[in-house]
Novice: 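Have a look at this one before I ask anything.
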Amino acid sequence: MQNTNRRRGRPKSFNEPQSQSVIQSLDRALDVLEALSSPEGMTLSELSAHLDQSPATMHRVLATLERRDFVEISPDRQIWFIGPEAYRLGAAFLRRSNVVERSRPIMRELMLETGETSNLGIEKNGNVLFISQVETHESIRAFFPPGTLSPLHASGIGKALLSTYDEDRLSSLFKNPALKRFTENTLRSVSQLKEELLATRARGYAFDDEERTKGMRCVAAPILNVHGEAVAGISVSGPTHRMPDRLTRQIGERVAEAAKTVSRRLGSA
């Protein structure tokens with residue numbers, strides 16, 4: 001039975017200045033979780049230096065989070081990692097949207113048909129946040145586990161999403177005309193990016209040609225919701241020697257069709 005007495009809305013202090021409404025200790029704990037999100041983890045001293053906090057302060061935060069299973073420490077008691085409870089709560093985000101559920105069968109088909117890894121990502125604070133992956137069985141493969149962040153301008157999924165954005169939204173994301181470079185193939189400027197987005201719209205899929213990682217290519221297309229808005233991107237990625245130029249168009253058209261299939265399942269026309 002629905003709880004009719006459930007309180008709604010925001011607390012009165014919601015619109016107060018941030019300095020008055022932020023809980024400092026909680027904010028620090030969240031900084032720790034963000035810092036430990038890398039697969040390599042961190043030692044106490046590394047974490048203290050990274051967050052510019054004393055080791056004693058960091059140890060208290062870690063001990064509190066460890067008691068609730070949000071972090072855990074390696075058997076040799078040296079390196080701290082994200083714990084299972086953080087994953088459980090993060091999985092609640094994926095359950096909130098059915099784009100992951102709707103995409104998984106299609107991603108599996110893409111992996112089997114192309115022999116390469118299929119990925120699903122969304123835009124998050126100016127980056128691509130990977131939220132699902134179906135890995136190829138090849139020993140050499142692209143690897144973007146859920147939770148990985150990648151820059152929009154140097155990512156197949158990122159450029160697929162950007163190709164659906166209007167000028168105002170692009171301007172809000174790229175205030176600096178120069179773009180961060182990762183390889184010699186990375187787009188250098190926003191003007192170059194906009195030219196690439198025009199080409200992406202014309203062909204129906206985006207292409208990352210070793211722009212983030214040398215030796216890796218990615219082909220992606222946007223997934224649209226019932227309102228015609230891009231809510232995610234789907235891609236196939238793999239090493240250049242297995243994704244040569246002659247196969248790019250073939251894979252791209254297959255990825256674009258996969259994106260349309262998922263979009264239809266989400267109610268898009």
Side-chain angles (χ1 to χ4, degrees), residues 6-7 9-101 104 117 119-135 141-155 157-158 173 180 182 212-213 216 232-233 237:
R6 184 178 179 182
R7 297 185 64 183
R10 297 167 173 170
K12 293 180 179 179
S13 61
F14 186 85
N15 293 317
E16 291 179 0
Q18 186 175 357
S19 60
Q20 298 179 27
S21 58
V22 169
I23 302 173
Q24 188 176 22
S25 58
L26 177 58
D27 198 46
R28 187 178 294 127
L30 294 175
D31 285 341
V32 168
L33 290 175
E34 288 182 358
L36 295 182
S37 61
S38 67
E40 297 81 13
M42 284 187 175
T43 64
L44 176 60
S45 58
E46 288 171 341
L47 185 63
S48 300
H50 179 72
L51 296 179
D52 194 24
Q53 297 285 335
S54 71
T57 297
M58 289 294 92
H59 189 270
R60 287 196 298 272
V61 174
L62 288 168
T64 302
L65 292 172
E66 183 184 29
R67 188 168 61 88
R68 301 289 294 270
D69 290 330
F70 280 94
V71 301
E72 58 187 15
I73 193 168
S74 58
D76 61 3
R77 310 296 292 177
Q78 292 292 324
I79 303 177
W80 290 89
F81 298 94
I82 288 291
E85 186 64 15
Y87 174 81
R88 188 187 71 80
L89 291 185
F93 165 75
L94 300 182
R95 292 193 297 270
R96 192 184 70 188
S97 171
N98 64 355
V99 66
V100 175
E101 179 184 348
R104 287 294 291 184
T117 297
N119 310 284
L120 187 72
I122 62 174
E123 191 258 317
K124 180 69 173 176
N125 296 332
N127 290 284
V128 175
L129 172 65
F130 289 90
I131 58 176
S132 187
Q133 182 180 67
V134 177
E135 287 188 75
R141 58 189 183 272
F143 186 55
F144 303 103
T148 300
L149 290 173
S150 185
L152 287 167
H153 70 278
S155 160
I157 288 180
L173 287 169
K180 182 177 180 179
F182 300 94
R212 179 65 176 89
T213 304
M216 287 290 172
S237 53

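The figures that follow rest on heavy atoms only: side chains count, while hydrogens, waters and symmetry mates do not.
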Novice: Where is the tightest heavy-atom contact between V128 and S155, given as atom of each residue plus distance?
Specialist: CG2-OG, 3.7 Å
Novice: Within the structure provided, determine whether L47 and S45 are in side-chain contact (heavy-atom separation under 4.5 Å).
Specialist: no
Novice: For D52, look at atom CG and say whether over 12 heavy atoms of other residues, nucleotides or ligands are found less than 6.0 Å away.
Specialist: no
Novice: Tell me every residue that passes salt bridge (charged side-chain N to carboxylate O under 4.0 Å, His left out) with E135, counting only those two or more places apart in sequence or in another chain.
Specialist: R141
Novice: Could you tell me which non-hydrogen atom of R28 sits nearest to which non-hydrogen atom of V61, and how far apart they are?
Specialist: CD-CG2, 4.1 Å
Novice: Could you tell me if the side chain of Q53 sits less than 4.5 Å from the side chain of M58, heavy atoms only?
Specialist: yes
Novice: Rounded to the nearest 0.5 Å, how far apart are CD of E66 and NE2 of H59?
Specialist: 8.0 Å
Novice: Closest approach of L62 and L36, non-hydrogen atoms and distance?
Specialist: CD2-CD1, 4.0 Å
Novice: Is there a side-chain contact between F182 and H153 (heavy atoms, below 4.5 Å)?
Specialist: yes
Novice: Are S54 and T57 close enough that a side-chain donor and a side-chain acceptor fall under 3.5 Å?
Specialist: yes
Novice: So, using side-chain contact (heavy atoms from CB on, under 4.5 Å) as the criterion, who are the partners of I79 when residues are at least two apart?
Specialist: T43, S74, F81
Novice: Quick one: CG on N127 to CD1 on I122, what's the gap to the nearest 0.5 Å?
Specialist: 11.5 Å
Novice: Is the shortest side-chain heavy-atom distance between E123 and L173 below 4.5 Å?
Specialist: yes
Novice: Rounded to the nearest 0.5 Å, how far apart are CD1 of I131 and CG of L129?
Specialist: 7.0 Å
Novice: Examine the side chains of N119 and S132 and answer whether a donor and an acceptor come within less than 3.5 Å of each other.
Specialist: no
Novice: List the atom of V99, the atom of A232, and the distance in Å for their closest heavy-atom pair.
Specialist: CG2-CB, 4.0 Å
Novice: Using a 4.5 Å cut-off on heavy atoms from C-beta on, say whether the side chain of P151 contacts that of R212.
Specialist: yes
Novice: Do F70 and L89 come within less than 4.5 Å of each other through their side chains, counting heavy atoms only?
Specialist: yes
Novice: Heavy atoms only: give me the nearest L120-I157 pair and the separation to one decimal.
Specialist: C-CD1, 4.0 Å
Novice: I need the Q78 CD to M42 CE distance, nearest 0.5 Å.
Specialist: 15.0 Å
Novice: Show your working on side chain to side chain contact (heavy atoms under 4.5 Å, CB included) between T148 and Q133 and close with a plain yes or no.
Specialist: CA-CA 11 Å; T148 300; Q133 182 180 67; over 6 Å; no
Novice: To the nearest 0.5 Å, what is the distance between CG on L51 and CD on E46?
Specialist: 11.5 Å
Novice: Name all residues meeting the side-chain contact (heavy atoms from CB on, under 4.5 Å) criterion together with P84; count only those two or more places apart in sequence or in a different chain, and write none if there are none.
Specialist: D69, E72
